[in-house]
Amino acid sequence: MRKKTGQSSFPFGEGWLSGPSQPARPRSKLMFVLKPSVPLSLAMHDAAKLHAANQNARDAYPAHLLHMTLLCMEGFDEPPEALIRKTRPVVDDIRARPLPVTLDSSGLFGGRRHLALYCSEGNPPVTRFSRMLSQTLTRHNLPNFRMADAMPHVTLIYGCGRIEALPVVRNYAWIAGEFMLVYSHYGETRHEEFGRWSFDPNAPPYPTPPEQLRLKI
């Protein structure tokens with residue numbers, strides 16, 4: 001994910017520190033996510049577990065933690081209580097329709113290190129909602145890293161390196177009726193939930209991006 005140009009993390013981030021720079025280390029992330037239903041998560045996990053066992057790869061990610069990231073707010077060493085308190089009422093005002101999600105393919109993401117499921121057509125409604133969420137946070141001067149170029153995906157195995165694609169015999173699909181704000185504790189394989197919002201079936205349709213102008217030759 002890429003930080004939006006010119007966006008400051010103050011007053012919730014650490015900002016610039018004086019003195020010699022220290023090597024960057026992974027940090028826990030505060031992020032908005034979609035999560036599949038329990039049966040679907042278990043089906044994804046079981047398929048990934050069998051796939052990993054056949055290729056001597058790393059363990060599949062736990063079923064209850066499988067998610068599709070909408071955007072990250074920032075990296076932290078502990079849950080940022082002040083930022084969370086300011087974020088909740090802002091998100092309360094968002095009205096958006098439920099999101100149809102389809103995963104029909106698999107591939108390597110994150111520098112070709114992680115095996116993930118994704119949709120070959122990109123799940124445009126998810127991208128549009130992610131953009132809406134990012135714009136709302138930005139208007140209130142809240143930090144966010146939007147997935148500008150990355151295709152929405154659900155990571156099944158982290159740090160697996162070279163591995164064959166997972167065959168998707170039948171699409172994994174669901175209608176996301178809610179989204180969550182979670183704090184992903186780095187190195188602990190744990191999500192701490194700090195907010196959950198339902199989508200509104202009566203909300204206005206998502207705007208369709210304008211098509212590129214085609215000139216006759």
Glu78 CD: over 12 foreign heavy atoms closer than 6.0 Å: no
Within one Ile-Leu-Val-Met-Phe-Trp-Tyr cluster: Met68 and Tyr172, side-chain cutoff 4.5 Å: yes
Trace of the side-chain hydrogen bond (donor to acceptor under 3.5 Å, both in side chains) decision for Asn144 with Ser134: CA-CA 6 Å; Asn144 63 94; Ser134 175; 2.6 Å; yes
Other residues, nucleotides, ligands: >12 heavy atoms within 6.0 Å of Arg58 CZ: no
Parallel, tilted or perpendicular, as decided by the 30° and 60° cut-offs, for the rings of Phe179 and Trp197: parallel
is_close_aromatic(Tyr183, Phe76), centroid dist under 6.0 Å: no
salt_bridge(Arg27, Asp77) N-O dist < 4.0 Å: yes
ring-ring contact (aromatic ring centres under 6.0 Å, His included) involving His64 - partner list, sequence neighbours excluded: none
Lys29 vs His185, side-chain hydrogen bond (donor to acceptor under 3.5 Å, both in side chains): CA-CA, chis, key distance, verdict: CA-CA 7 Å; Lys29 295 178 181 178; His185 290 264; over 6 Å; no
Validation row, ring centre His114 to ring centre Tyr158 under 6.0 Å: yes
hydrophobic_cluster_shared for Val90 and Met31, side chain cutoff 4.5 Å: no
Heavy-atom neighbours of Glu164 CD exceed 12 at 6.0 Å: no
